[in-house]
Protein chains: 4
Amino acid sequence: MPESTRTAPDLAGAAPGLFDMATPRGRLLRIAARLFGEKGFAGTTVRDIAAGLGIQSGSLFHHFRSKEDILFAVMEMVVEAINRDLAEAVAAAPDTAGRVRALIAVELHYLHGPASDATSVLFHEWRALPKARRSVLMNGRAAYFDLWQTVLAEARAAGLTPIEPEILRQLLHGALAWTSFWYRPGGALTPEALVERALALALKDEGRAS
Amino acid sequence: MPESTRTAPDLAGAAPGLFDMATPRGRLLRIAARLFGEKGFAGTTVRDIAAGLGIQSGSLFHHFRSKEDILFAVMEMVVEAINRDLAEAVAAAPDTAGRVRALIAVELHYLHGPASDATSVLFHEWRALPKARRSVLMNGRAAYFDLWQTVLAEARAAGLTPIEPEILRQLLHGALAWTSFWYRPGGALTPEALVERALALALKDEGRAS
Amino acid sequence: MPESTRTAPDLAGAAPGLFDMATPRGRLLRIAARLFGEKGFAGTTVRDIAAGLGIQSGSLFHHFRSKEDILFAVMEMVVEAINRDLAEAVAAAPDTAGRVRALIAVELHYLHGPASDATSVLFHEWRALPKARRSVLMNGRAAYFDLWQTVLAEARAAGLTPIEPEILRQLLHGALAWTSFWYRPGGALTPEALVERALALALKDEGRAS
Amino acid sequence: MPESTRTAPDLAGAAPGLFDMATPRGRLLRIAARLFGEKGFAGTTVRDIAAGLGIQSGSLFHHFRSKEDILFAVMEMVVEAINRDLAEAVAAAPDTAGRVRALIAVELHYLHGPASDATSVLFHEWRALPKARRSVLMNGRAAYFDLWQTVLAEARAAGLTPIEPEILRQLLHGALAWTSFWYRPGGALTPEALVERALALALKDEGRAS
DNA sequence: AATGAATGAGGGTTCATTCAT
DNA sequence: CATGAATGAACCCTCATTCAT
């Protein structure tokens, strides 16, 4: 188990309000994120979303011009929030390994904390977007990818991994993104422990598992 | 780069005929796998598949009772083939690290070799199946998961990784499955090199990257 | 010919609005009943029904979840209405023979009056319903069958017929239901006269034909 | 109960081979009649019929040019057979009441004896035929209707019924045809007893029920 | 903003029928 | 005669979207 000084940033408090539940728009996005996450974008109908809000399906279109716009808005919110949190967490970390752990912790926190629905959607439903909008999103994620790559390059320079930063980033991203299919917090494996396992995967001699 | 003696099993020749192109059924599955891989199951219409075969959409239903049956058949074929190849490759490997490499190599071969379409579908479209059929598939994959877990337990016992076998299996599965979104053979990174990177991720002191 | 004092209840005015023509739903049911009666349930397409309403076929499904639901709704309305009218007519009849005549008159009125389309459908298209729904309908008709049987038992006790009530009920029901294939009001045989013929069939020494 | 001297013609032996089971065509018609009777013409597919014969659906069309032709052939066979039997039975009857009983007995025998499937189809599926073919069939039934009408006119002249022959014929036809929906031989009510009940319906002072 | 009836294109599927083998 | 793959039209139904109220 990680010692307290190496503990990942607290997972509970972050992204407490990815969506503003005080506004109809925020509530709509929250419901949509949940449904897209559960049943997929294609498997979710606008009627499902409307029913979740207690309104008629036609009324959705006063808030968004299309179902796809809803998906895009969900993704955009995650992109912005994750960018912000990631930068903060990395800045606060004391050393290279801490920065890698921070990246992993933030990503897992998004995948399994209060923003899990929306983050799942961002990670697993991007193929539902037309190419044009995908690239808009990719632009938004550029800073995020840069940050990962910078930190991983630093780690490699420090001899913590033999793998090229870009490849390692992709492999880790897959490993983390996939956790949304098998990991659920609340079981025997705590989120913090999962962070350590992923860190052990990323870096040699880090993250002792058990 | 891996030395020739440690080279992964040749990736080019395996699974040359996942589908029997001599039969209408085999051709249908091949086209369907490609389309499901490109546009997703929901995004592919039976008319798309029929057009790919040069027949009318109604004619599909002489070969399969439903679109879902086609998806299931595609997945089943991959499951069977991958089970077979995996067992063979592991049996032929000389030592623990070799067995882990064999697992990775076979999985990546399926993801990026001649069966890449079908394998992508298996890995990424399982949510399109009703729960009942998902579990049928999971039964078919039990041997596959067992094999992974056995080998990874062996690796951990040998001190090659600190991560619990089940967790490591899931993390690696995600890392590998995700490659279908970013990796394409034929570029600077050869399939064999990718195997070594994944191996370096899995095991300490293995798979020197560069 | 029946004397005026024995005349069956007036056939023209009853059930003026089996379907509420003020609502889209009521208009839909009316058209559907007519088409099902003319071409059978299987021979009627949802496009036929929609065309009869001047809307698109997809719009039907805002009112009913399936074509079968439309059929069921048509039948249900007849069952309820006929139950009500039958009970009223029997209650108003002065004696046993009058009660039998009331039963026949109401049944024929439904078969050839304003509700003729829907009643034909109820009598002749029940095989188009799945068994489960058939029995729901049968439950709804229990009161109706009971009434017939009670009155016919009374008639037999009075020596008006030698036939067991249940058998007589079935035979009469067939005789009356079948009239929808050969009888049309407006010809030489008035509805009232037809009632007397059916009564003569049911009871000895009643309903002098000519 | 009828005395033995008034017993209806034996029901067991007639129409033993409405269809010639020695020929493929005969077997096909037998299967088709059964399926049309059970599930209706519209509810029966040519594949159902073919499956019943153990052949492929395409092969049906070597015997009949269309599904409708099969229906028509089934009906034609019944019409011919029933015409023949009816004429014979009426000729053999000693008196007016005996002739009415013969008509009823033959009709019920067709509806519930070995030819029950085909007869049900003739009586209940005529709406599945296009008008043109319906009238061909009606021509074939003219002799049959004439016979009924002649006998019923005789009965009326003898004071056995007050109802006009044509109307009585239609009412009785309905009563008898409808038995295929509720009566099954083998129960408490024997076919012979059912004949007597129908006779009691048709004629005053005949057919004592119990 | 919300309604709810309507749209209209498209979806998966069925099925009688054809025809080369 | 039988096959079985294919046809092609039609079927019931879904669903994102529109719009008058």
Side-chain angles (χ1 to χ4, degrees), chain A residues 23-25 27-28 32 41-51 53-71 128, chain B residues 23-25 27-28 41-50 53-71, chain C residues 23-25 27-28 41-50 53-71, chain D residues 23-25 28 41-51 53-71 128:
Chain A
T23 71
R25 185 190 157 98
R27 284 191 295 271
L28 192 163
F41 177 73
T44 303
T45 71
V46 294
R47 277 183 168 76
D48 291 335
I49 302 172
L53 287 165
I55 63 174
Q56 297 290 326
S57 67
S59 306
L60 283 184
F61 295 85
H62 290 282
H63 303 281
F64 289 92
R65 297 188 29 221
S66 72
K67 183 186 170 190
E68 187 195 299
D69 278 13
I70 298 176
L71 175 64
Chain B
T23 70
R25 185 189 157 99
R27 285 191 294 272
L28 193 163
F41 177 74
T44 303
T45 72
V46 296
R47 284 177 173 80
D48 290 336
I49 302 172
L53 287 165
I55 63 174
Q56 298 289 326
S57 70
S59 306
L60 286 182
F61 295 87
H62 287 273
H63 304 284
F64 291 93
R65 308 227 330 255
S66 72
K67 183 186 171 192
E68 187 195 298
D69 277 13
I70 299 177
L71 175 63
Chain C
T23 72
R25 186 190 155 99
R27 284 191 294 273
L28 194 163
F41 177 73
T44 303
T45 73
V46 295
R47 280 181 170 80
D48 290 335
I49 302 172
L53 287 165
I55 63 174
Q56 298 289 325
S57 70
S59 305
L60 286 184
F61 295 88
H62 286 273
H63 304 284
F64 291 93
R65 307 227 332 255
S66 71
K67 183 187 170 191
E68 187 195 298
D69 278 12
I70 299 177
L71 175 62
Chain D
T23 71
R25 185 189 158 99
L28 193 163
F41 178 74
T44 302
T45 72
V46 295
R47 276 182 169 76
D48 291 335
I49 302 172
L53 287 166
I55 62 174
Q56 296 290 327
S57 69
S59 306
L60 284 184
F61 294 86
H62 290 283
H63 303 282
F64 289 91
R65 296 187 33 217
S66 73
K67 184 186 170 190
E68 187 195 299
D69 278 13
I70 299 176
L71 175 64

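In the text below, chain A, chain B and the rest are named by the order of the sequence lines, each starting its count at 1.
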Heavy-atom closest contact ([X] atom, [Y] atom, distance):
{"X": "A:Ala128", "Y": "A:Leu71", "result": "CB-CD2, 3.9 Å"}
{"X": "D:Asp48", "Y": "D:Gly43", "result": "OD2-O, 4.0 Å"}
{"X": "B:Phe41", "Y": "B:Lys67", "result": "O-NZ, 3.0 Å"}

Are A:Leu53 and A:Leu60 side-chain neighbours, meaning at least one heavy-atom pair lies under 4.5 Å?
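SC-SC contact between A:Leu53 and A:Leu60 confirmed.
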Close side-chain approach of A:Ile55 to A:Leu28, heavy-atom, < 4.5 Å:
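No, too far: nothing below the 4.5 Å cut-off.
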OP1, OP2 of F:dA6 versus side-chain N and O of B:Gln56: anything below 4.0 Å?
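No, B:Gln56 has no side-chain N/O under 4.0 Å of OP1/OP2 on F:dA6.
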Which atoms of nucleotides 13-16 of chain E (N or O only) lie under 3.5 Å from a protein N or O atom, and what are those distances?
| unit_1 | atom_1 | unit_2 | atom_2 | d |
| --- | --- | --- | --- | --- |
| E:dT13 | OP2 | B:Lys67 | N | 2.7 |
| E:dA16 | OP1 | D:Lys67 | NZ | 3.2 |
| E:dA16 | OP2 | D:Val46 | N | 2.8 |

Nearest-angstrom distance from the residue atom [atom1] of [X] to [atom2] of [N]:
{"X": "C:Leu60", "N": "F:dC13", "atom1": "CG", "atom2": "C1'", "value": "10 Å"}
{"X": "D:Arg25", "N": "F:dC1", "atom1": "CZ", "atom2": "P", "value": "12 Å"}
{"X": "D:His63", "N": "E:dT17", "atom1": "NE2", "atom2": "C1'", "value": "15 Å"}
{"X": "C:Ile55", "N": "F:dC13", "atom1": "CD1", "atom2": "C1'", "value": "14 Å"}
{"X": "A:Asp69", "N": "F:dA16", "atom1": "CG", "atom2": "P", "value": "14 Å"}
{"X": "C:Leu71", "N": "F:dC11", "atom1": "CG", "atom2": "P", "value": "17 Å"}

Using a 3.5 Å limit on both distances, find every run of at least three consecutive Watson-Crick or G-U pairs that involves DNA chain F.
E:2-21 with F:2-21
With sequence neighbours excluded, residues passing side-chain hydrogen bond (donor to acceptor under 3.5 Å, both in side chains) with B:Thr23
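Counting only residues at least two positions away or on another chain, B:Thr23 forms no side-chain hydrogen bond (donor to acceptor under 3.5 Å, both in side chains).
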Counterpart residues, side-chain hydrogen bond (donor to acceptor under 3.5 Å, both in side chains), relative to D:Gln56 (two or more places apart):
none
Enumerate the residue pairs fulfilling side chain to side chain donor-acceptor pair (under 3.5 Å) with a member in residues 57-66 of chain D, sequence neighbours excluded, ordered by first and then second residue.
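Side chain to side chain donor-acceptor pair (under 3.5 Å) check on residues 57-66 of chain D returns D:Ser66-D:Asp69.
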